[in-house]
A.B. asks: 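Before we start, here is the structure in question, set down as structure tokens.
Chain naming here is simple, since letters A, B, ... match the order of the sequence lines and numbering starts at 1 in each.
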Protein chains: 2
Amino acid sequence: MDKLSLGTLGQHLQALRLARGWSLSQLAAAAGIAKSNLSRLEQGNGNPTLDTIWRLAVQLGVPFGTLVAPIAVPLGEDGVEVRLIDQGKDHPQVDAYWMRCAPHTLRHAEPHTPGAQESLTLISGALEAGPEGATKMLVAGDSLTFAADQPHAYRTHDTWATLLMTIVYTGQGDTL
Amino acid sequence: MDKLSLGTLGQHLQALRLARGWSLSQLAAAAGIAKSNLSRLEQGNGNPTLDTIWRLAVQLGVPFGTLVAPIAVPLGEDGVEVRLIDQGKDHPQVDAYWMRCAPHTLRHAEPHTPGAQESLTLISGALEAGPEGATKMLVAGDSLTFAADQPHAYRTHDTWATLLMTIVYTGQGDTL
DNA sequence: ATAGAACGTTCATTTAAAGGAACACCACAA
DNA sequence: TTGTGGTGTTCCTTTAAATGAACGTTCTAT
């Protein structure tokens, strides 16, 4: 079972604070919490309140989960982590995912429904992806769109890859 | 400034719990917390500890941030809500945002740094967007890429619009 | 009906998180 | 030197979150 590591939060808080060149006192004041509180948290002791975490996340400008997420990413079995960001309700239907692949990962994906189009946008790292046999290399900032109604694959080499993935289900049967 | 809405957490907890067909007592027992505690949280009162949130998230099998993220969208003053999804650390730098616009919204955006490219992908609804004077209509599944180092705008008509936005800072000065 | 078991709520108590002041420490300037 | 202003830490106190038991319900089975 997953366990809450208090140390991680402390490491993240301190790293993010130092990255911004702020002092502990400054951040505590800006967030509106006691500096004794922040000090304890950075040391890895304590079990902050949602309110406290929230204030710190807002000040640091991070998406919240960033603070508590383990520093070394807990990947799926195949080295790939996928998160659903949003899911459209219109026609065509659109699914948006955030995805992250560890180095030296190869992931095969089954064909989706006929007509489905998949688009990738690299946020960081490098990724080789596309239909089986016709993959392309992507680096940060690159995008790739391909037909997803056939087998396709994602593969990393020496680096991590973080990307946005959208799947558009241009179902040819959708007459609505 | 962002504010922590306690009600949201409660709504999410209850919705996720009911979606799994669990009783309050069951979930509390499984998570190892007092059911009085969970009851209060679902009612929107209280300010749970990180430990408490963590245990509930693990039991419900959700990525944590899901519990606190807004359910019914609290829009910004101009009817636009923007959430940072991820931020690349490579060159070029890439920022990924999730964005949602209320009907009959017009949002002007200042030019970003020179060379910046912006890409939009509609998840649902319809949106008119692009450089000032050269905007295009987009519906679910459509994408648009344009130079973001000039004034640009987003505008909805009778519908909501949900979209993914990525900004690639192809800074021409980056020789690193 | 009526006992039983489940539900979710409310309350008093216990526990610990948050706050505030004092502290030791290091810089830099007068 | 000796201040003065900053750092981050460690206490003690105050506040409130988490607990556990008791409560009023509802539903089912006897």
Side-chain angles (χ1 to χ4, degrees), chain A residues 1-62 64-71, chain B residues 1-62 64-71:
Chain A
M1 143 131 171
D2 276 342
K3 189 63 176 47
L4 170 61
S5 93
L6 330 96
T8 305
L9 175 69
Q11 292 173 38
H12 276 230
L13 281 173
Q14 192 166 44
L16 289 167
R17 173 171 68 80
L18 294 176
R20 285 159 181 71
W22 296 348
S23 74
L24 188 149
S25 314
Q26 282 178 317
L27 176 56
I33 66 173
K35 60 178 183 173
S36 59
N37 192 10
L38 178 55
S39 173
R40 194 158 23 79
L41 292 180
E42 285 195 357
Q43 291 170 38
N45 314 323
N47 175 19
T49 287
L50 178 57
D51 178 75
T52 298
I53 309 171
W54 183 269
R55 291 172 178 230
L56 289 171
V58 168
Q59 279 305 316
L60 292 168
V62 295
F64 187 92
T66 303
L67 287 181
V68 293
I71 201 159
Chain B
M1 144 133 173
D2 277 342
K3 189 62 176 48
L4 170 61
S5 96
L6 328 97
T8 305
L9 175 69
Q11 292 173 39
H12 274 236
L13 280 173
Q14 193 165 43
L16 289 168
R17 173 172 68 81
L18 294 176
R20 285 159 182 71
W22 296 348
S23 74
L24 188 148
S25 313
Q26 283 178 318
L27 176 57
I33 66 173
K35 60 176 183 176
S36 58
N37 191 10
L38 179 54
S39 174
R40 191 159 30 78
L41 293 179
E42 285 196 357
Q43 291 170 37
N45 313 324
N47 175 19
T49 287
L50 177 57
D51 179 73
T52 298
I53 309 170
W54 184 269
R55 290 170 178 235
L56 289 171
V58 168
Q59 279 303 316
L60 293 168
V62 296
F64 186 95
T66 304
L67 288 180
V68 293
I71 190 170

A.B. asks: From the options dT10(D), dT9(C), dA18(C), select the nucleotide whose nearest atom is closest to the side chain of Q43(A).
C.D. replies: dT10(D)

A.B. asks: Check whether any side-chain nitrogen or oxygen of R17(B) sits under 4.0 Å from OP1 or OP2 of dC7(C), and answer yes or no.
C.D. replies: no

A.B. asks: I want to verify a distance call: between dG20(C), dT7(D), dA22(D), whose nearest atom is closest to the K35(B) side chain?
C.D. replies: dA22(D)

A.B. asks: Which nucleotide in the list dG8(C), dG8(D), dA17(D) gets nearest to the side chain of L24(B)?
C.D. replies: dG8(C)

A.B. asks: Between dA18(D) atom C1' and I53(B) atom CD1, what is the distance in whole Å?
C.D. replies: 13 Å

A.B. asks: Which is true for N37(A) with a 4.0 Å heavy-atom rule: it touches a base, it touches only sugar-phosphate, or it touches nothing?
C.D. replies: sugar-phosphate

A.B. asks: Tell me which of T49(B) and Q26(B) sits closer to the 5' end of DNA chain C, going by the nucleotide each one is nearest to.
C.D. replies: Q26(B)

A.B. asks: Return yes if the base of dA18(C) and the side-chain atoms of R40(A) contain a donor-acceptor N/O pair under 3.5 Å, otherwise no.
C.D. replies: yes

A.B. asks: Base, sugar-phosphate, or nothing for S23(B), non-hydrogen atoms under 4.0 angstrom?
C.D. replies: sugar-phosphate

A.B. asks: Under 4.0 Å from OP1 or OP2 of dT19(D): is there any side-chain N or O of S36(B) that close?
C.D. replies: no

A.B. asks: Under 4.0 Å between a side-chain N/O of T52(B) and OP1 or OP2 of dA18(D), yes or no?
C.D. replies: yes

A.B. asks: Could one point to a donor on the side chain of S39(B) or the base of dG8(C) with an acceptor on the other under 3.5 Å away?
C.D. replies: no

A.B. asks: Take the protein atom CG of N45(A) and the nucleotide atom C1' of dT9(D), then report the distance between them rounded to whole Å.
C.D. replies: 12 Å

